[in-house]
Amino acid sequence: MNKYLSQLVELCEFDKQLDGFKPKIEAAQEKLSKKSGEISGAKEQIETLNAEIAELKSQILQANAQLSAFSSKLKSTGKKSGAAKTEKEIKALSVEEDIAKEQLEATNEEIERLEKIVASKEALVKEQSEKQEAFEAELKSLQEQVSAEMGEVEVARGAIYAKRDKLMQAMNPKTVSFYEKIRKWAGNTAVSPVRKQACYGCFMRISDKTYSAVIKSDDIVTCPYCGRILYKEAE
């Protein structure tokens, strides 16, 4: 294998190693994103519940105002009943008093119902708040873990980048430029091995002439089908 081809194979291997870090970095970011999403979800739930509680309390205030009005009406009807003289007046006031009592009772029941709903929603707020606190503690722990992992990744990446940069400085700029053009679309398969007389980038069988040129490795040979740089692996 000639010097330039050997350098390209080594350079491609460094790039594979560097790209191999991406899934680990993405997985760590996804974990953090997921936990942050859980925290946001709990906060949204709390905000929604608090808005519902505020609305229910407003309804309770209105019901209490109605209760006060019905109580006043009941007292007023009671006074009028005491001053009534005719049977017709007494009967009319009695009906009015019964209606006021029914309204009073119904309003009390409504207030009781609303207060139970408020209590249940406040319990849910407490539950969501506890979840939020737990999620935040988990996120903090996860951030520390991810930070440590990413620190190790950066050290490893830095070592490979240093080797890659050293190699590129020793390479012919035209060869590097040629490689980078192919890498733009071929990624880590820019330099592909030939196995069983086939390019392992596109898996197309190459001609005997091309295969012979790859084996000799006197020049940089590209696949006639996909354009990747070809090399024969050592036996």
Side-chain angles (χ1 to χ4, degrees), residues 17-84 88-158 187:
Q17 290 175 25
L18 290 170
D19 286 349
F21 290 114
K22 287 180 182 177
K24 191 171 185 178
I25 294 168
E26 287 169 0
Q29 290 172 341
E30 189 178 344
K31 283 181 186 176
L32 292 173
S33 179
K34 184 180 178 184
K35 194 56 63 179
S36 296
E38 288 175 340
I39 292 169
S40 297
K43 284 181 178 178
E44 286 175 12
Q45 279 281 78
I46 290 167
E47 288 174 6
T48 300
L49 287 165
N50 281 331
E52 290 172 354
I53 289 167
E55 175 59 28
L56 287 164
K57 285 183 175 179
S58 175
Q59 290 177 28
I60 290 170
L61 283 173
Q62 291 174 10
N64 276 318
Q66 290 176 339
L67 197 66
S68 179
F70 294 144
S71 294
S72 298
K73 189 175 182 180
L74 198 59
K75 287 177 183 177
S76 175
T77 304
K79 287 179 182 179
K80 287 179 183 178
S81 296
K88 187 178 179 181
E89 284 179 333
I90 293 168
K91 191 175 181 180
L93 288 167
S94 177
V95 170
E96 192 176 330
E97 187 176 4
D98 288 342
I99 291 170
K101 284 179 180 178
E102 285 175 6
Q103 289 174 327
L104 200 65
E105 187 178 348
T107 304
N108 273 318
E109 286 175 358
E110 178 63 7
I111 290 170
E112 188 178 346
R113 185 186 73 84
L114 292 172
E115 285 175 342
K116 283 180 180 177
I117 296 172
V118 167
S120 68
K121 288 188 180 292
E122 284 175 340
L124 287 173
V125 167
K126 185 181 178 184
E127 183 183 320
Q128 289 299 321
S129 296
E130 288 170 356
K131 277 186 180 180
Q132 183 185 331
E133 287 176 11
F135 289 151
E136 285 171 348
E138 287 169 11
L139 178 62
K140 186 179 178 182
S141 175
L142 196 58
Q143 284 171 333
E144 290 171 358
Q145 180 189 331
V146 167
S147 179
E149 288 176 0
M150 290 304 100
E152 292 173 5
V153 166
E154 286 307 311
V155 169
R157 284 175 71 184

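Along the sequence shown, the residues carry numbers beginning at 1.
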Decide side chain to side chain contact (heavy atoms under 4.5 Å, CB included) for Leu49 and Glu52; before the verdict, give the C-alpha distance in whole Å, the side-chain angles of both, and the deciding distance to 0.1 Å.
CA-CA 5 Å; Leu49 287 165; Glu52 290 172 354; 3.9 Å; yes
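With sequence neighbours excluded, the residues satisfying side chain to side chain contact (heavy atoms under 4.5 Å, CB included) with Lys116 are Glu112.
Here CD of Glu55 is found 5.5 Å from OG of Ser58. Values are rounded to the nearest 0.5 Å. Note that the NZ atom of Lys35 and the CG atom of Leu139 stand 8.0 Å from one another [nearest 0.5 Å]. For the atom pair Leu114 CG and Ile53 CD1, the distance stands at 12.5 Å (nearest 0.5 Å). Taking CD1 from Ile60 and CG from Leu67, the interatomic distance works out to 12.0 Å, rounded to the nearest 0.5 Å. Leu142 contributes atom CG, which lies 10.5 Å from atom NZ of Lys34 (distance to the nearest 0.5 angstrom). Rounded to the nearest 0.5 angstrom, Leu104 CG and Ile99 CD1 are separated by 13.5 Å.
A salt bridge links Lys57 with Glu122: at least one charged nitrogen is closer than 4.0 Å to a carboxylate oxygen.
Judged purely by atom type and a 3.5 angstrom limit, Ser36 uses its side chain to pair as donor or acceptor with the backbone of Leu32. A donor-acceptor pair under 3.5 Å links the side-chain atoms of Ser120 to the main chain of Ile117, judged by distance alone.
Residues Arg157 and Leu18 approach most closely at O-CD2, 4.0 Å, considering heavy atoms. Residues Thr107 and Ala63 come closest through the heavy atom pair CG2-O, 3.2 Å.
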List, one per line, each side-chain donor-acceptor pair under 3.5 Å for residues 123-136, sequence neighbours excluded.
from   : atom 1 : to     : atom 2 : distance (Å)
Ser129 : OG     : Val125 : O      : 2.8
Gln132 : NE2    : Glu136 : OE2    : 3.1

Could you give the side-chain donor-acceptor pairs of residues 19-30 under 3.5 Å, partners two or more places apart or in another chain?
from  : atom 1 : to     : atom 2 : distance (Å)
Asp19 : OD1    : Lys22  : NZ     : 3.4
Asp19 : OD2    : Arg183 : NH2    : 3.2
Asp19 : OD2    : Asn188 : ND2    : 3.1

